[in-house]
Amino acid sequence: MINMLQSSYPMLLQGLGQTLFYFIITLLTSSLLGVLVTYLYGFRRMRPLISFYISIVRGTPLLLQLIFIFFGLPYFGITLDRMTAALIGFTFNYTGYIAEILRGGIQSVPQDQKDVAFVLGFSKSYTFYRILLPLSVRNSFPSLSNEVLVLLKDTALIYALGLSELIKVSRTLANLYVSATPFIIVGLIYFTLSIIIEKVLKKIEKNMRKVTI
Amino acid sequence: MINMLQSSYPMLLQGLGQTLFYFIITLLTSSLLGVLVTYLYGFRRMRPLISFYISIVRGTPLLLQLIFIFFGLPYFGITLDRMTAALIGFTFNYTGYIAEILRGGIQSVPQDQKDVAFVLGFSKSYTFYRILLPLSVRNSFPSLSNEVLVLLKDTALIYALGLSELIKVSRTLANLYVSATPFIIVGLIYFTLSIIIEKVLKKIEKNMRKVTI
Amino acid sequence: MFKAENISKSYGDLKVLENMNFQVEKNEVLAIVGPSGVGKSTLLKCIVQLEKQDEGHFYLNETKVDEKNRIRIGLVFQSSSLFQHLNVMDNLLIAVKYHKLYEEKEAVKKAESYLREFGLSDKKSAYPSELSGGQKQRIAIIRALLLNPLVLCFDEPTSSLDGENKTLLIDIIRKIKKEQAVIVVSHDEDLIERVADKKVILG
Amino acid sequence: MFKAENISKSYGDLKVLENMNFQVEKNEVLAIVGPSGVGKSTLLKCIVQLEKQDEGHFYLNETKVDEKNRIRIGLVFQSSSLFQHLNVMDNLLIAVKYHKLYEEKEAVKKAESYLREFGLSDKKSAYPSELSGGQKQRIAIIRALLLNPLVLCFDEPTSSLDGENKTLLIDIIRKIKKEQAVIVVSHDEDLIERVADKKVILG
Amino acid sequence: NEDTFEALMEKGEIVVGLDDTFVPMGFRNQQGELVGFDVDLAKEIFDRIGITPKFQPIDWSLKESELNSGNIDLIFNGYTITDARKEKVNFSDPYMDNTQIIITMASSDIMSKEDLTGKVVSVQKESSAYDAVSGEEGVVENLKNGELITFDSNLDLFMDLEAGRSDAIVLDEVFARYVLLSKNIEEYRILEDNFGQEEYGIGFRKSDTTLLEKVNETLEEIRSDGTFDEIKKVYIND
Ligand SMILES: Nc1ncnc2c1ncn2[C@@H]1O[C@H](COP(=O)(O)OP(=O)(O)OP(=O)(O)O)[C@@H](O)[C@H]1O
Ligand SMILES: Nc1ncnc2c1ncn2[C@@H]1O[C@H](COP(=O)(O)OP(=O)(O)OP(=O)(O)O)[C@@H](O)[C@H]1O
Ligand SMILES: [Mg+2]
Ligand SMILES: [Mg+2]
């Protein structure tokens with residue numbers, strides 16, 4: 001195993017870099033857009049459209065979404081390069097899931113908080129940004145954490161677009177060395193990454209919880 | 001496409017059956033166990049253990065978990081057949097995610113509800129079952145729905161254990177017909193299934209929401 | 001019957017209760033009064049063990065109040081907290097059923113009779129979010145009464161009640177005190193005057 | 001200044017308000033009284049447009065109350081609802097800042113002076129969950145006062161207040177009514193007697 | 001680790017591991033039945049040995065794990081003989097040749113291996129094409145960005161080639177010919193150059209030497225009596 005690590009660490013490092021790249025960019029874009037979609041859900045007229053979008057996102061496998069964007073869109077005259085297609089696909093997907101979680105969080109904000117914001121004359125956007133969103137994030141933090149950690153591992157799906165990341169590297173190595181050890185190595189890398197991310201998330205959660213409800 | 005459907009529907013039907021089998025069983029087992037784990041989280045002494053379990057579940061890809069259970073456990077003297085290994089793997093994984101979502105839901109139950117239950121002299125289990133769980137499920141329903149719909153598609157991972165379901169069938173057909181159409185067909189099947197599941201979930205959610213907070 | 005001995009409690013640096021002592025017997029109503037923020041609700045929370053006092057002990061019939069016998073002490077919270085997901089009747093019965101105090105039928109009958117007394121018969125199947133402030137308060141009071149505790153504590157029980165309902169509550173307190181010790185926290189001087197047998201002044 | 005014309009409101013089959021009419025001017029305090037559950041809070045919610053009346057209209061300075069001018073009407077809720085995630089100072093300032101009523105510095109000064117008056121200077125950075133019932137109520141009152149509305153409605157403002165704080169509130173109401181119309185809902189007869197210039201009796 | 005031949009014969013059943021999406025070696029027909037060159041060949045071999053083959057689809061990436069954990073008894077599915085694999089499994093005598101061919105669109109200006117410099121070349125992941133291309137010195141470094149693109153399946157290669165993102169693809173001749181049957185062959189060009197020949201063999205556990213011998217004997221029989229070519233005719237058109 002040590003031996004294998006020594007000779008294959010450049011590949012692993014590169015895979016790790018790719019994994020982190022898609023993870024971080026998607027996390028940023030889909031958090032921002034997720035918040036935006038949740039905000040727009042507050043407008044009655046936008047709801048059918050958003051519900052439709054969420055149905056598509058949740059109704060089809062992310063893998064097929066990626067494949068459609070990459071291999072299907074060219075038939076409609078839109079040919080994207082691998083990286084762009086992957087980022088668009090992930091953002092499209094995760095935005096939907098995050099928006100749905102935040103919507104749930106907002107629903108469980110007690111009515112009195114919403115009433116007070118209304119009576120104080122806050123605009124929809126100010127109420128959302130200052131009252132609903134912070135309370136919603138607090139309410140749904142464990143679910144959001146789940147999503148973040150799933151995203152880390154979902155980045156593996158970029159293999160379908162010919163991109164290379166940790167899991168793909170492990171498969172290649174497994175094939176090369178005719179051994180399952182690379183899977184164990186990559187499993188440990190994921191685990192370490194996740195533990196770090198989890199620690200950070202727990203810290204954020206705890207800070208938010210200091211202010212008890 | 002119609003043609004393809006006609007000649008390959010027995011295979012599709014069988015794939016669909018497999019997908020639904022793993023979906024339904026996992027949904028049942030992991031909901032029940034998820035509730036149990038959430039309940040146990042209420043005991044201070046259980047927390048480190050549960051946190052560790054959640055870290056493992058969220059820290060490693062489900063695919064690797066399945067591979068470990070099927071190929072790794074035999075080294076420890078535990079050899080499972082494919083179906084059992086798949087069901088154990090999915091249940092192990094989804095129980096963790098569901099428990100974490102429910103834990104979040106319970107955290108956002110207002111303190112006064114917990115205080116009243118305490119003063120009325122309810123036992124821990126009664127408080128959990130009659131007060132915390134119902135309110136938590138209500139709070140976190142959209143996140144739970146996300147999880148259910150992701151599970152439907154995650155069942156595709158059983159291919160790693162040599163089992164066959166919708167996505168695998170679509171690959172087989174794609175190779176057979178040298179065409180991407182089977183992916184579209186399977187995408188539509190997933191979409192239809194998801195829409196049905198979503199409708200059911202929305203109905204449940206609405207019924208719960210009738211009782212506004 | 002019920003005794004507080006040397007009770008002290010702080011929140012961080014803020015000393016809320018300091019070395020409190022009092023006693024209340026069956027057939028007595030003890031009023032606890034004092035300015036807002038002095039620690040009255042905190043004291044009640046300590047009595048039912050919802051908060052742990054830093055020092056001192058409570059005694060119920062000569063035994064220390066602990067996890068086991070605390071359930072014989074009832075408390076009506078200052079902000080009447082009903083279970084959001086249960087309707088009025090379920091809110092009233094959930095605890096009675098759990099403790100199997102009396103048969104289901106009898107429990108329903110008792111609950112209905114109290115509801116009638118307080119003019120709430122038409123709210124049986126309403127949810128808390130559909131009730132007025134005073135209605136919620138009355139339901140919370142009924143829930144506590146149904147449990148027949150040895151000591152019953154009220155925190156501002158008349159804050160949202162009109163004159164008629166207040167008189168009704170006073171009558172009820174006078175009736176139950178024959179069997180139970182009652183502790184009332186209130187700023188309502190009229191209420192205190194009409195029910196209290198003795199007083200503890202905080203602050 | 002403020003007028004209610006033919007206001008009716010039902011919840012399903014339950015007729016809560018029926019054809020109500022009243023008027024209140026600057027320099028007047030209108031008391032709305034009536035038994036618990038009669039519709040007082042519902043009326044206030046309609047006034048601030050939190051609930052929509054089924055019939056009738058409210059007028060503020062001869063203009064119908066709508067989305068635009070409703071923000072000139074203030075309301076202190078029956079259960080004082082502070083924002084859970086903000087501390088006392090932020091709860092007080094969030095609306096003032098949003099509406100840019102005065103400069104930040106002046107706002108802080110005003111807030112601090114009210115806090116001092118109500119004996120709450122040490123609670124500036126406390127969160128709502130760390131406050132007593134009466135403390136929350138006073139903060140909610142201050143928040144409404146800081147907004148300087150044309151009409152200010154209070155729903156049971158003294159339900160958790162002790163005598164001293166009540167007197168303080170009465171003094172403040174007497175002071176602000178010079179510039180504002182005030183509507184008070186309360187079961188507290190003493191309060192009504194001391195501040196009300198006119199009365200509407202419901203039920 | 002022992003020789004399992006006796007035990008297998010006693011049970012009367014042998015588990016053949018294959019990737020059931022690998023056309024034309026092992027795949028499912030419209031009825032969902034397993035067919036293919038390797039499937040028929042396996043049936044013939046074990047028929048003659050007197051043991052029933054049971055076909056178990058597996059995830060191709062995990063084939064050696066499946067074999068060594070005893071879930072399957074052999075790997076039989078266009079399994080290319082390589083030195084690395086030889087360290088982990090025993091191979092039967094090679095039973096078929098395969099070439100790694102290079103395909104471009106007909107309009108492409110790529111005519112030979114040298115023209116691949118600076119171009120985008122794709123192969124299937126974990127395939128012998130991958131091994132062949134990356135094993136040849138001075139090829140991958142000269143591709144665009146110095147990388148060889150890998151896809152999940154060979155079909156993806158064609159899609160990416162048609163979308164214009166890949167300039168050339170390298171894959172099994174056996175499979176490519178099957179695919180081109182259903183496409184307009186005029187639109188594509190198969191280069192003269194290739195990435196070498198390889199041989200398919202059947203993979204066994206190191207310990208299963210008796211089984212290996214038996215299979216090799218039977219394979220030789222099948223070849224010499226012409227049955228081999230009959231089976232081949234059904235699936236592979238040269
Ligand atoms: N969780 C807490 N953390 C910190 N301080 C607290 C907490 N709970 C209460 N306090 C403080 O303790 C003091 C006593 O609060 P308590 O609720 O007992 O007052 P009270 O006498 O019931 O007042 P009121 O008449 O207004 O209800 C108050 O100053 C309050 O700010
Ligand atoms: N959302 C609702 N759905 C149905 N009924 C409601 C709803 N809100 C209030 N009600 C009913 O309307 C009536 C008036 O309620 P309201 O809160 O206005 O009473 P109130 O006069 O303020 O009483 P209190 O003095 O107890 O606060 C009550 O009978 C109440 O049960
Ligand atoms: Mg109090
Ligand atoms: Mg009211």
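Throughout, protein chains are lettered first and strands after them, A, B, ... in sequence-line order, and every chain is numbered starting at 1. Not measured: the values here are computed from a predicted model.
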Exercise: identify the closest heavy-atom pair between D:S36 and C:G134: OG-CA, 3.3 Å
If you count every heavy atom of other residues, nucleotides or ligands that lies below 6.0 Å from [X] atom [atom1], does the total exceed 12?
X: D:K52; atom1: NZ; value: yes
X: C:E189; atom1: CD; value: no
X: C:E106; atom1: CD; value: yes
X: C:K198; atom1: NZ; value: yes

C:K123 vs D:L14 side-chain heavy atoms within contact, under 4.5 Å: yes
Proximity breakdown for C:L120 and chain D, heavy-atom pairs closer than 4.5 Å: neither
Chain D contact via C:E164 - side chain, backbone, both or neither, heavy atoms under 4.5 Å: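 Neither part; nothing is under 4.5 Å.
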Spacing of C:S160 atom OG and D:D188 atom CG [to the nearest 0.5 Å]: 11.5 Å
Name the option with the most non-hydrogen atom pairs under 4.5 Å to chain D; the candidates are [options].
options: C:D122, C:N165, C:L161; result: C:L161
options: C:G133, C:S41, C:S186; result: C:G133
options: C:S159, C:S79, C:G163; result: C:S159

